[in-house]
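Data block below; observations after.
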Amino acid sequence: MRLMLIIAIPFFGALLPMLLARAGRRACAIATGLSTLMALVLLLSHAPVISAGQAFAVSHQWVPQVGMDLALRLDGLGLLMAGLILGIGLLIVIYAYHYLGKDESLGAFFTYLLLFQGSMVGIALADNLLSLLVFWEGTSLASFLLIGFWRHLTEGRQGARMALIVTGGGGLALIAGMLLLGDIAGTMTISELTARREAIQQSSRYPLALLLIAVGCFTKSAQFPFHFWLPQAMAAPTPVSAYLHSATMVKAGVFLLARLWPVLSGTEWWFYTIASMGAVTFLLGSVVALFKDDLKALLAYSTISHLGLMTMLLGLGTEAGLIATLLHLLNHAAFKGALFLTVGIIDHETGSRDLRNLGGLWRILPITGAIALLGLAANAGLPPLGGFLSKEMMLEAVSQVSWWGQPHLLTAIAAIAGTFAVAYSARFFAGAFLGEPGADLETAHGPSWGLVGPAALLVVSALAFGVFAQPLAEPILQTAVRGAMGNGDAPTIHLKLWHGVNLPLILSGVAILGGGILAGTFDGWRSLLKRRLAIEGQRVFRACEWQLVSVSRHVTERFHGGSLANYLTWFLVGVLALGGLSVWPSGLRSGDRQLLPINVLALLLITCLAAACLMTILLHRRRLLSVLMANVVGLITSIGFIYFSAPDLALTQISVEVVTLILILLALYFLPKETVAEASPIQRWRDAALAGLCGAAMFALTWVVLSSDGPTDLANYLIEQSKPAGGGSNVVNVILVDFRGFDTFNEIMVLAISALIIYALLDGAMHGAAADKLDHWEHDIPRSPEKHPAMFISFTRALLPLALLVGVYMFLRGHNQPGGGFVAGLVVTIALIVQYMVSGYQWAAERISIDYHSWIGWGILLAAGTGVASMILGYPFLTNAHEHFDLPYLGSLDISSALVFDLGVLMTVVGAVMLALANLSRLGRRAERAAQKAAEAAKLLDRGE
Amino acid sequence: MIAIVIPIGFAGLSLALLLNMIRLVRGPTAVDRILAADTMVINTIALIILYGISQKTTAYFESALLFAMFGFTSTVAYCRFLIRGDIIE
């Protein structure tokens with residue numbers, strides 16, 4: 001249970017900052033910090049047991065049909081990762097509170113941060129492949145929101161979009177790879193995969209699964225060739241860069257590879273895919289980092305390089321490689337996080353991150369300089385810092401492996417990359433802190449303790465992991481390795497600073513020397529090479545994106561081009577072609593149900609229907625009449641529904657007709673009342689032929705369906721189970737709110753969203769070009785002076801309470817008789833709309849004090865609430881209960897909990913439709929006011945003359 | 001007795017509907033057509049009730065009730081549109 005809490009606390013805590021934003025920035029930060037702290041304390045409370053070699057696991061069923069459970073497992077590796085996430089997260093919260101300005105929305109920032117934290121901890125603790133995927137995508141989404149936090153910056157938006165596309169695309173590959181892996185292994189639980197290692201690696205689909213999973217991990221961990229999104233993501237605020245893009249999120253790919261290491265590694269495929277890409281990235285990152293002037297870009301490429309280092313080590317497939325990776329995971333998080341925070345401090349205090357402008361900061365920011373010095377020393381792998389230890393381990397592990405038959409190739413690459421690492425670290429420090437101050441530095445002042453504190457803490461731990469490696473780093477590493485490799489096979493680890501003069505030490509010495517020389521002579525030979533490094537991954541990405549968009553636009557213009565007639569023609573031709581193709585081989589055969597004799601009344605109604613349809617077409621250019629004919633078609637359809645004994649449908653059809661008519665007429669006021677004749681006779685004949693063909697095809701299909709026996713099993717089941725299982729004898733309503741309740745829930749959400757979009761669009765029409773047109777509106781028809789005829793008013797006002805009574809009546813009886821929430825909602829809506837229409841908007845708005853927005857919200861909450869209530873009681877979502885009551889005066893009642901759901905539907909329908917209609921009338925009222933003002937102005941002018 | 005009356009009722013209503021449709025199709029002005037549609041609604045109310053009687057069920061009564069309550073709304077909307085243009089002022 002406690003494991004679930006560790007994940008749940010950040011997610012629920014994410015609600016707090018937005019709610020507390022009004023209480024002030026401090027309240028937000030405290031809430032966020034407390035959530036992180038609570039989760040961290042819970043996590044660490046498990047630490048003693050886990051370091052003894054045990055693991056905790058908990059599992060809940062989520063979607064059993066696809067094998068997805070919410071399974072969590074806390075072992076050494078998960079403890080390390082989650083500890084990093086929550087520990088560094090706490091420091092970042094403090095840092096961000098001091099870093100972000102007073103006018104930035106801190107509430108939103110912390111909400112996104114906590115959402116990210118929850119998803120990331122989910123990745124660390126997940127034991128089920130599919131639930132891990134859910135958390136994986138959660139981190140991509142949270143990262144998108146955080147990178148684009150400064151929405152007003154173009155780089156922010158573009159960087160966020162690029163990050164989302166790349167990591168999202170990798171996520172798709174990962175989904176495929178995980179599904180394959182689960183299928184090969186026969187289980188989706190990660191802890192069970194290790195036992196089936198042999199079977200997995202022998203399978204023929206193993207390479208494909210491995211490649212797909214590798215693509216997923218490479219996109220997340222910014223490996224070549226997917227590394228280009230990380231420098232673009234540096235447009236995010238520095239706390240985000242420090243947290244996501246150096247310490248935690250980009251490590252997710254490495255973490256997943258480490259998690260799957262016991263299952264997938266050891267084969268040639270693993271070695272050549274992962275070690276190669278890792279080695280290339282390691283070298284590429286450190287070389288490019290040397291040439292960057294922007295400190296954040298330098299650190300970004302440095303991160304890419306270190307991630308490549310870790311990937312390469314994992315790719316080696318040896319125990320030494322795994323141990324070195326985990327040690328570097330720990331160290332890198334400490335010193336790289338500290339370095340990013342330092343850059344943030346420099347940016348915050350001087351306003352610049354460019355190495356060409358900075359210099360001599362040692363005098364103004366001495367403490368920051370000390371932190372940066374230690375962090376860069378760890379980055380370069382200097383003793384006695386932790387970075388030195390992990391680099392030594394890396395060199396040791398790499399020197400034991402040969403690549404493509406060359407025993408020293410990997411070692412050489414590692415040594416060169418190490419040299420460049422020393423070079424760019426030296427360049428960072430010398431360029432920023434030493435030398436003469438740059439030209440355009442703002443008056444720099446000392447940073448607050450909130451900014452320096454977290455950075456200092458991180459760098460001190462980087463130092464401590466080196467100097468006090470045995471008491472501090474060793475137990476953590478031991479626990480992690482035990483967790484990663486499974487208990488039995490884990491070797492005991494001894495961390496020592498001095499191993500004697502061996503190859504790694506010599507290589508480190510060479511690297512330090514070479515790096516120093518490189519950095520010193522850098523400016524000299526850099527101008528020579530400036531032109532050569534022009535290919536950038538992000539340029540290729542942008543070019544591809546642009547091409548894709550222009551091709552899509554071209555295709556859309558061809559088939560759509562803004563003309564509805566054009567679009568419909570293509571659509572109908574396509575449907576006819578596809579339908580014809582599918583039916584051609586076997587042909588359509590009429591079924592063998594018995595035909596009923598023709599009823600004279602039915603024949604008459606069909607004739608009227610056909611006549612009305614024909615009139616719709618013949619009068620289509622005169623819009624009002626066309627709408628009238630369509631209404632008549634609706635009327636006859638309602639009669640048809642009654643003839644086929646579907647009273648619910650008839651009720652709905654009748655009310656919807658009225659509402660739709662009012663909607664159309666409200667809009668028609670602003671549109672031309674006549675359609676211009678645009679098509680040539682040839683086009684019209686073509687359209688007529690196409691329409692005729694489609695009509696004939698529909699007739700044939702309908703005939704075949706009606707004359708054959710349908711799927712009677714489902715129909716019989718629903719009718720039989722309606723009363724016992726659903727609690728109501730009106731099977732239509734029971735289907736809507738019980739059997740297919742989830743579907744209805746989605747429908748009302750769509751309705752609510754449409755209404756809100758209409759509201760937002762109309763709100764926008766009150767400003768700008770549309771508002772201009774409204775202000776100069778002239779009526780195009782002669783108008784009668786009588787606005788509100790008294791006869792209408794007296795009748796409809798008397799009708800209102802009766803209509804509302806009918807609405808309530810239909811709502812309450814809906815479960816057992818024709819009626820229901822939707823029809824009741826429409827009846828109430830029409831009753832209210834008629835008041836607006838007949839007595840005037842002003843009069844009605846003063847008296848109808850319903851807030852439509854909140855009705856929409858409450859309606860959906862009620863509907864969701866009934867679903868969640870049944871989940872709390874242990875049943876699936878939206879299960880309903882029903883009871884029979886015998887009350888003294890009211891008689892016997894059958895009440896189902898679906899009544900509450902129906903109430904939600906009713907409220908949503910009333911709110912949504914009223915919102916849409918009431919707001920559409922705003923346009924008319926605006927035009928009216930403008931016309932009145934114009935008329936008054938004209939009168940004044942006349943009098944003046 | 002009722003078995004004789006119902007067909008006669010149906011016949012009368014059918015004739016009424018037919019005449020309405022003819023006016024709907026022919027009527028030279030828009031107002032003629034609107035009136036025809038409105039009369040069709042009234043006839044429909046009677047038709048539905050009669051159908052319910054002939055089927056010996058009360059399930060269709062509410063449909064007729066809805067038509068009676070709101071059948072005039074469409075007509076009011078059309079008329080307001082014709083004389084004022086803006087139907088909710």
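Letters A, B, ... are given to chains in the order of the sequence lines, protein chains preceding strands, and every chain is numbered from 1.
B:R84 places a side-chain N or O within 3.5 Å of a backbone atom of A:S784 that can act as its donor or acceptor partner. Remark: the backbone N or O of A:K787 is paired with a side-chain donor or acceptor of B:R80 at under 3.5 angstrom.
Ring geometry for B:Y51 versus A:Y643: interplanar angle of 30 to 60°, hence tilted.
Considering only heavy-atom pairs separated by less than 4.5 Å from chain B, the leading option among A:V827, A:L799, A:V658 is A:V827. With respect to chain B, the highest number of heavy-atom pairs below 4.5 Å among A:V632, A:T796, A:L604, A:I642 belongs to A:I642. Of all the listed residues (A:A611, A:A918, A:S645), the one sharing the greatest number of non-hydrogen pairs under 4.5 Å with chain B is A:S645. Across A:S839, A:C608, A:P818, the residue that shares the most heavy-atom pairs under 4.5 angstrom with chain B is A:C608. Put simply, of A:L668, A:L624, A:V627, A:L628, the one with the most heavy-atom pairs under 4.5 Å next to chain B is A:L628.
Proximity to chain B (any heavy atom under 4.5 Å) is restricted, for A:F795, to the side chain, taken from C-beta onward. At a 4.5 Å heavy-atom cutoff, the contact between A:L666 and chain B is made by backbone and side-chain atoms alike. With a threshold of 4.5 angstrom between heavy atoms, A:P789 approaches chain B through side-chain atoms but not through N, CA, C or O. For a residue to count as touching a neighbouring chain, one of its non-hydrogen atoms must lie under 4.5 Å from one of that chain's; by this rule A:L651 touches chain B with backbone and side chain alike. Contact of A:L920 with chain B is not made at all, since no heavy-atom distance falls under 4.5 Å. Proximity to chain A (any heavy atom under 4.5 Å) is shown, for B:L13, by neither the backbone nor the side chain. Contact annotation for A:E928: only side-chain heavy atoms (C-beta onward) come within less than 4.5 Å of a heavy atom of chain B. Residue A:V600: no heavy atom, backbone or side chain, is found under 4.5 Å from chain B. B:M40 touches chain A through backbone and side chain together, each having a heavy atom under 4.5 Å away. Contact of B:L82 with chain A is made through backbone and side chain together, with heavy-atom distances under 4.5 Å. If you measure heavy-atom distances from B:L24 to chain A, the contacts under 4.5 Å come from both the backbone and the side chain. Residue A:L619 touches chain B through its side chain alone, counting heavy-atom pairs closer than 4.5 Å.
Heavy-atom contacts from other residues, nucleotides or ligands closer than 6.0 Å to CD1 of B:I2 number 12 or fewer.
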